[in-house]
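A quick note: this is a predicted structure, and the numbers were derived from the prediction, not measured. Only heavy atoms go into these numbers, but all of them, side chains included; no hydrogens, no water, no symmetry mates.
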There are 2 protein chains.
Amino acid sequence: MLTGIDHVGIAVEDLDAAVERYRRTLGIEPSHREVVQSQGVEEVLFEVSDTSIQLIGALGPDTPVGRFLAKRGPGLHHLGLRVDDVASTLQALRTAGVPLIDESPRSGSRGTTIAFVHPTGMGGVLVELVEDAR
Amino acid sequence: MLTGIDHVGIAVEDLDAAVERYRRTLGIEPSHREVVQSQGVEEVLFEVSDTSIQLIGALGPDTPVGRFLAKRGPGLHHLGLRVDDVASTLQALRTAGVPLIDESPRSGSRGTTIAFVHPTGMGGVLVELVEDAR
């Protein structure tokens, strides 16, 4: 079941410069920073009310975000949807015929459990299902 | 001051089909539908916790969203940030040297007051400032 928007993921060329730009222009402070080797990214989160803005830098050009930046440039990258159970949500999507990137849940940042859904099934939007560690 | 993410805007080719896809795959129900002539769009909102997923269809090819769809295809389009005062936020961004699309606040859907900020100042993200009517 969908319980909220966990985060909006934004791909950036220069993570430190982007963090500084968001701090300065929106007056918000980063709440978390983490290298996620399994996804080839370094991410910085800004908590805003019940959700977060997530800036993501690529760890190299031959990573999913590196290839996204080369093809489309910086900007909105994916939508993180908070669900109470990633495994059962994946099963429901599979039953509905939605193509998945991750066939089973895996570890995300902040101790979360995640899975990516293929954009072709979600109207061009790369969706990340996020199950909170809390 | 930034108080939340008001909505995540997703450009779609076929609004009715996209609404049906989101209903069926995510189990969420639309909360609002509106034609916004001034922006050349029809939008459908799905409230999720404190924020919304906004599906936007173009009213024609020669509209901002129509041109976006022709160039990039369907997908994440803009980020709606909730602020307590659009006018003072615009002034702060102007002072910070951020390029604006709307130099002054205007009317949005749902009785909101809005203004768009140019993506070049926000790391490639089209940002819509949203001041709630409430």
Side-chain angles (χ1 to χ4, degrees), chain A residues 1-15 17-28 46-53 55 57 69 71-83 89 92-98 117 119-127 129, chain B residues 1-15 17-28 46-53 55 57 69 71-83 89 92-98 117 119-127 129:
Chain A
M1 200 184 76
L2 183 65
T3 59
I5 294 180
D6 184 75
H7 64 272
V8 179
I10 298 171
V12 303
E13 301 275 9
D14 179 331
L15 189 56
V19 168
E20 188 51 31
R21 184 187 306 117
Y22 273 73
R23 283 185 66 241
R24 196 167 49 84
T25 56
L26 298 178
I28 53 181
F46 297 85
E47 276 185 36
V48 182
S49 183
D50 188 34
T51 181
S52 294
I53 295 172
L55 301 181
L69 287 166
K71 187 176 171 193
R72 308 196 63 159
L76 291 167
H77 178 263
H78 71 273
L79 182 58
L81 297 180
R82 195 180 294 139
V83 297
T89 305
L93 291 172
R94 194 180 288 116
T95 302
V98 176
V117 181
T120 54
M122 301 302 298
V125 178
L126 177 61
V127 167
L129 305 173
Chain B
M1 201 183 76
L2 182 65
T3 59
I5 294 180
D6 183 75
H7 63 271
V8 179
I10 297 170
V12 303
E13 300 275 9
D14 179 331
L15 188 57
V19 168
E20 188 51 31
R21 184 187 306 118
Y22 273 73
R23 283 186 66 240
R24 195 167 49 85
T25 56
L26 299 177
I28 52 181
F46 296 86
E47 276 185 36
V48 182
S49 181
D50 188 35
T51 181
S52 294
I53 295 172
L55 301 182
L69 286 167
K71 188 177 170 192
R72 306 194 65 157
L76 291 167
H77 177 263
H78 71 274
L79 182 59
L81 297 180
R82 196 179 293 137
V83 297
T89 305
L93 291 172
R94 195 179 288 115
T95 303
V98 175
V117 181
T120 55
M122 301 303 297
V125 178
L126 176 61
V127 167
L129 305 173

(message) Quick one, A:Val117 and B:Thr25 - any side-chain contact, counting heavy atoms below 4.5 Å?
(response) no
(request) Among the options A:Pro119, A:Gly73, A:Gly124, A:Gly123, pick out the one with the most heavy-atom pairs lying under 4.5 Å from chain B. (result) A:Gly123
(request) Select one option (side chain, backbone, both, neither) describing which atoms of B:Ala18 are under 4.5 Å from chain A's heavy atoms. (result) neither
(request) Identify the two heavy atoms, one from B:Ser49 and one from A:Gly4, that lie closest to each other, and give their separation to 0.1 Å. (result) CB-CA, 4.0 Å
(request) Give, as side chain, backbone, both or neither, the part of A:Leu26 having an atom under 4.5 angstrom from any heavy atom of chain B. (result) both
(request) Give, as side chain, backbone, both or neither, the part of A:Ile28 having an atom under 4.5 angstrom from any heavy atom of chain B. (result) side chain
(request) Let me know if A:Pro74 has heavy atoms under 4.5 Å from chain B in its side chain, its backbone, both or neither. (result) both
(request) Under 4.5 Å heavy-atom distance to chain B, tell me which part of A:Ile5 shows up: side chain, backbone, both or neither. (result) both
(request) Name the region of A:Ala96, side chain, backbone, both or neither, that has any atom closer than 4.5 Å to a heavy atom of chain B. (result) both
(message) Is the shortest side-chain heavy-atom distance between A:Val48 and B:Arg82 below 4.5 Å?
(response) no
(message) Is A:Leu81 close to chain B through its backbone or its side chain, or both, or neither, when contacts mean heavy atoms under 4.5 Å?
(response) side chain
(request) Under 4.5 Å heavy-atom distance to chain B, tell me which part of A:Ser52 shows up: side chain, backbone, both or neither. (result) backbone
(message) Out of A:Arg21, A:Arg24, A:Glu13, return the one with the most heavy atom pairs under 4.5 angstrom to chain B.
(response) A:Arg21
(request) Output the option from A:Val98, A:Thr3, A:Val12 having the highest count of non-hydrogen pairs under 4.5 Å with chain B. (result) A:Thr3
